Colleague: 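To start, I am sharing the structure in question, which I have written as structure tokens.
Predicted model only: the values in this text are computed from it and were never measured.
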Amino acid sequence: MNSIEMFNFLDFAIRLSIVVVALLLSSLLIKIDADVIRSRIYVSFKKIKNYFVLLTAGFLLYLADAYMSISEPVAVSSGEHDMLLGISSAVFEVLILIFLVNLYVAIRVPDKRIL
């Protein structure tokens with residue numbers, strides 16, 4: 001497997017993980033009352049806020065990706081920026097996954113053994 005195939009596989013795996021975590025999070029949001037969700041997010045708000053600030057950096061990478069595609073369409077189509085665009089896209093996807101996982105951990109039902 002060459003590096004492009006490996007990168008494509010990792011990209012697919014990260015995107016699949018985002019979908020799975022989003023489905024878990026949405027099913028959790030449907031099951032749990034809004035007041036309980038609010039209190040659980042309040043308890044871990046500082047941690048979630050830090051991950052959201054990190055995600056904001058990912059949004060800046062996402063914006064830079066779009067800006068490069070618009071401002072230099074010839075360079076993008078010729079493949080000059082493929083590595084940079086791929087890395088920024090992968091970092092953005094990983095940051096989204098990290099944020100969603102931490103949001104899921106903050107909202108989910110605590111382990112019965114802890115209580």
Side-chain angles (χ1 to χ4, degrees):
M1 201 185 277
N2 63 17
S3 62
I4 293 175
E5 291 174 353
M6 180 64 90
F7 183 76
N8 287 338
F9 175 74
L10 288 174
D11 185 46
F12 178 74
I14 291 171
R15 289 179 189 218
L16 183 63
S17 300
I18 289 172
V19 170
V20 168
V21 172
L23 288 173
L24 288 171
L25 190 58
S26 64
S27 70
L28 195 62
L29 291 174
I30 291 170
K31 291 183 211 175
I32 300 176
D33 188 43
D35 292 330
V36 175
I37 292 171
R38 199 172 307 126
S39 66
R40 290 182 183 164
I41 288 177
Y42 178 75
V43 168
S44 58
F45 178 72
K46 190 171 201 131
K47 184 177 179 182
I48 292 173
K49 183 176 73 170
N50 290 337
Y51 284 113
F52 193 78
V53 168
L54 189 62
L55 182 62
T56 303
F59 284 128
L60 290 175
L61 285 174
Y62 188 66
L63 181 65
D65 183 359
Y67 178 73
M68 284 187 349
S69 297
I70 292 171
S71 66
E72 300 178 25
V74 174
V76 171
S77 64
S78 68
E80 287 181 30
H81 299 299
D82 283 348
M83 183 63 97
L84 182 63
L85 294 175
I87 289 174
S88 66
S89 174
V91 168
F92 177 65
E93 290 170 4
V94 167
L95 290 173
I96 286 178
L97 183 62
I98 289 170
F99 177 74
L100 288 177
V101 165
N102 283 292
L103 187 61
Y104 176 77
V105 168
I107 294 175
R108 75 173 175 189
V109 178
D111 193 6
K112 301 277 188 213
R113 293 175 286 166
I114 295 173
L115 302 173

Colleague: In terms of hydrophobic clusters joined by side-chain contacts under 4.5 Å, are V105 and I41 together?
Modeller: yes
Colleague: Could you pull out all donor-acceptor pairs under 3.5 Å where a side-chain atom in residues 45-59 meets a protein atom, sequence neighbours excluded?
Modeller:
{"unit_1": "N50", "atom_1": "ND2", "unit_2": "K46", "atom_2": "O", "d": "3.4"}
{"unit_1": "T56", "atom_1": "OG1", "unit_2": "F52", "atom_2": "O", "d": "2.9"}

Colleague: Between D65 and L61 (side chain of the first, backbone of the second, donor and acceptor by atom type, cut-off under 3.5 Å), is there such a pair?
Modeller: no
Colleague: Pair up each side-chain donor or acceptor in residues 27-39 with any protein partner under 3.5 Å, not counting sequence neighbours, and list the distances.
Modeller:
{"unit_1": "S27", "atom_1": "OG", "unit_2": "L23", "atom_2": "O", "d": "3.4"}
{"unit_1": "S27", "atom_1": "OG", "unit_2": "L24", "atom_2": "O", "d": "2.9"}
{"unit_1": "D35", "atom_1": "OD1", "unit_2": "R38", "atom_2": "NH1", "d": "2.7"}
{"unit_1": "S39", "atom_1": "OG", "unit_2": "D35", "atom_2": "O", "d": "3.4"}
{"unit_1": "S39", "atom_1": "OG", "unit_2": "V36", "atom_2": "O", "d": "2.8"}

Colleague: Please find the pair of heavy atoms, one from R40 and one from A106, that lie closest to each other, and give the distance.
Modeller: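 Here R40 and A106 meet closest at CB-O, 3.4 Å.
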Colleague: Quick check for you: to the nearest 0.5 Å, what is the distance between S17 atom OG and I98 atom CD1?
Modeller: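 S17 atom OG to I98 atom CD1 measures 11.5 Å (nearest 0.5 Å).
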Colleague: Other residues, nucleotides and ligands only: do more than 12 of their heavy atoms fall within 6.0 Å of OH on Y104?
Modeller: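 It does: Y104 OH has more than 12 such atoms within range.
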Colleague: Test of understanding: clusters of I, L, V, M, F, W, Y form through side-chain heavy atoms closer than 4.5 Å, transitively. Do F92 and V20 belong to the same one?
Modeller: yes
Colleague: For I18, which residues count as a side-chain contact (heavy atoms from CB on, under 4.5 Å) partner, sequence neighbours excluded?
Modeller: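 Listed in chain order: I14, E93, I96, L97, L100.
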Colleague: Please list all pairs meeting salt bridge (Lys or Arg N to Asp or Glu O under 4.0 Å) that have one or both residues in residues 51-62, counting only residues at least two apart or in different chains.
Modeller: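 Salt bridge (Lys or Arg N to Asp or Glu O under 4.0 Å) check on residues 51-62 returns no pairs.
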